[in-house]
Amino acid sequence: MSFKWRLHGNGRTINPGEVVMPDERMSWSITFGIGAQHVVAMFGATFLVPLLTGFEPSTTLFFTGMGTILFLLITSGRLPSYLGSSFALIAPIGAVTGYIAGGGGALDPAKAALAQGGVIATGAALALVGLIVHFAGAHWIDKLMPPIVTGAIVSLIGFNLAPAAWNNVQQAPITALVTIVAILLVTVLFRGIFGRLSILIGVIIGYLTAVIRGEVDFSAISDAAWLGVPQFRAPAFDLSLLGLFVPVVLVLVAENVGHVKSVSAMTGQDLDDVTGRALFADGISTMFAGAGGGSGTTTYAENIGVMAATRVYSTAAYFVAAFIALGLSMFPKFGQLIATIPAGVLGGAATVLYGMIGMLGVRIWVQNRVDFSDPVNLNTAAVAMVVAIANYTWHWGDMVFEGIALGSFAAIIIYHAMRAISRWRGTSQEAATPASAPAGTELEQQS
């Protein structure tokens, strides 16, 4: 694709039943408006990641914009997507830095640099998977991670993070409760794009509540400049920490594959051949972010919601969104404003989001009609979930593996070992394989 988008119709209207394809665009004024919607859609979830990990919000926003541009270039503009912050990396980053959002302590730069090294390792592993998929095909991913395994891995990430949400909630329970209630009410009171922005709107309402209650410190905003480049930070590396980060690749693979399938279904295009490039692009973007102090990236389901609402799948709108994000990252006062969001608001939003991540794994099971009367499926999920929720920890030499890593490995190993043995012994109770729904985890989906 040469990135010379064809004008769809008259560029101003979309006829019933029509969609604007990735290689088309509306008029530039409409395209700019849709791009701005994409920025707003990803905003709430994307900024929660740096706030919960102590990373710089403006730096994170900068790398989401750069990552989106890289993604569009590597996929030749065939796959519309915004690369926002990945929630899958919150737990390993927190395990390395020991940072507790709203806990009063500052982020240790040395530990943050080590966490960035882990983010880079995650991105490198994902890029390698992308290269393998590009040349060998993606069928082996479905074999390695069938729906029972994918659902378990997604669920255990959300539920493993639950204590982090509680740490914030208990610091300002009233503000947290207002935030939770606001998110839930907006979700059911409104349809379309407004309803899909429930996290963002809920955070705003919670923030206003915190201001009224005197829980917000504005001093850092007045000290910040109006214009300036984001704060970049060099990474550091420690091989003993890789066990915390690399298993996250399993989730990022599932997210990207699911995104490709979702866009294929909505546009009617066969995009299987671009799956490898999508994985590779997200891997490179995550490495790039880790190298400068940003959070790892992933394809964002919130933006699929915008596409579904507008019926515009034009990659031109995503280029616009990326450049808007880059522009906003150059306003230090804006970044400091985001950083003033207090613990109670973060705790309320995290309660909904972490729980949503957990339930999205359950949704994968439901959509794919996973049979839990089959002991293999039941035990795969049971062991993996408890290992993650209790945050089992295993030290192997200098390497440390915690709940998410151990739970993810347990899901894969238990499933394949038990399935092989049951088939060999003739005790298998697996039913005929149903038609599978798209295996996308939609990890950062708001509604």
Side-chain angles (χ1 to χ4, degrees), residues 87-88 91 129 133 137-162 247-265 272 275 279 298-299 301 304 353-390 392 403-445 447:
F87 274 77
V129 172
V133 169
H139 60 279
W140 62 274
I141 294 177
D142 294 329
K143 295 287 187 181
L144 178 67
M145 296 191 300
I148 177 60
V149 173
T150 304
I153 292 174
V154 174
S155 282
L156 63 84
I157 285 180
F159 296 136
N160 174 268
L161 289 167
V248 172
V249 173
L250 299 174
V251 177
L252 299 181
V253 168
E255 286 179 329
N256 279 274
V257 172
H259 184 81
V260 173
K261 291 181 178 180
S262 295
V263 176
S264 295
D272 285 351
T275 302
L279 292 165
T298 189
T299 50
I304 287 184
L353 277 172
Y354 294 167
M356 193 178 294
I357 294 168
M359 295 312 297
L360 285 171
V362 176
R363 177 174 149 183
I364 291 174
W365 292 334
V366 172
Q367 287 181 326
N368 291 276
R369 300 193 290 279
V370 173
D371 181 11
F372 282 101
S373 67
D374 181 346
V376 173
N377 292 335
L378 183 62
N379 284 282
T380 295
V383 175
M385 296 294 287
V386 170
V387 167
I389 293 171
Y392 285 29
I404 289 177
L406 295 178
S408 299
F409 287 138
I412 293 174
I413 294 170
I414 291 172
Y415 174 80
H416 288 288
M418 289 187 70
R419 183 65 73 207
I421 294 172
S422 66
R423 288 172 177 170
W424 170 62
R425 289 289 297 164
T427 60
S428 177
Q429 298 182 33
E430 60 185 316
T433 303
S436 295
T441 67
E442 302 185 22
L443 190 54
E444 278 74 23
Q445 182 168 336
S447 60

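Sorted by first and then second residue, the ring-ring contact (aromatic ring centres under 6.0 Å, His included) pairs involving residues 366-388 (not counting sequence neighbours) are Trp365-Phe372.
What you find for Val154 and Gly361 is that their closest heavy atoms are CG1-N, 3.7 Å. Closest heavy-atom contact between Val387 and Gly407: CG1-N, 3.6 Å. Across all their heavy atoms, Ala411 and Ile153 have their closest contact at CB-CG1, 4.4 Å. Nearest approach of Lys143 to His416, heavy atoms of both residues: O-CE1, 3.0 Å. Annotation for Leu279 and Val253: closest pair CD2-CA, 3.7 Å, computed over non-hydrogen atoms.
Using a 4.5 Å heavy-atom threshold, the side chains of Ser408 and Ile404 count as touching. The side-chain heavy atoms of Phe87 and Val251, taken from C-beta on, include no pair separated by under 4.5 Å. Looking only at side-chain heavy atoms (C-beta outward), Arg363 and Met359 stay at 4.5 Å or farther from each other. Looking only at side-chain heavy atoms (C-beta outward), Arg419 and Asn377 come within less than 4.5 Å of each other.
Between the OG atom in Ser422 and the CD atom in Gln429 there is a gap of 8.5 Å [rounded to 0.5 Å]. In this structure, Ile421 CD1 and Thr427 OG1 are separated by 9.0 Å, a value rounded to the nearest 0.5 Å.
When each of Ile364, Thr380, Leu378 is tested with Ile148 by the rule side-chain contact (heavy atoms from CB on, under 4.5 Å), just one qualifies, namely Thr380.
Side-chain N or O atoms of Asn160 include none that pairs as donor or acceptor with a backbone N or O of Leu156 at under 3.5 Å. Using a distance-only test at 3.5 Å, with no hydrogens or angles considered, a donor-acceptor pair links the side chain of Asp374 to the main chain of Val376. A donor-acceptor contact shorter than 3.5 Å links the side chain of Thr275 to the backbone of Asp272.
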Evaluate the side-chain contact (heavy atoms from CB on, under 4.5 Å) criterion for residues Leu250 and Val149: first the C-alpha distance (whole Å), next the side-chain angles of each, then the deciding distance (0.1 Å), finally the verdict.
CA-CA 10 Å; Leu250 299 174; Val149 173; over 6 Å; no
Derivation of the side-chain contact (heavy atoms from CB on, under 4.5 Å) call for Ile157 and Tyr354:
CA-CA 8 Å; Ile157 285 180; Tyr354 294 167; over 6 Å; no
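Checking Glu255 against Thr298 by side-chain atom types alone, a donor-acceptor pair falls below 3.5 Å.
Here Asn379 pairs with Pro375, Met418 under the side chain to side chain contact (heavy atoms under 4.5 Å, CB included) rule; sequence neighbours left out.
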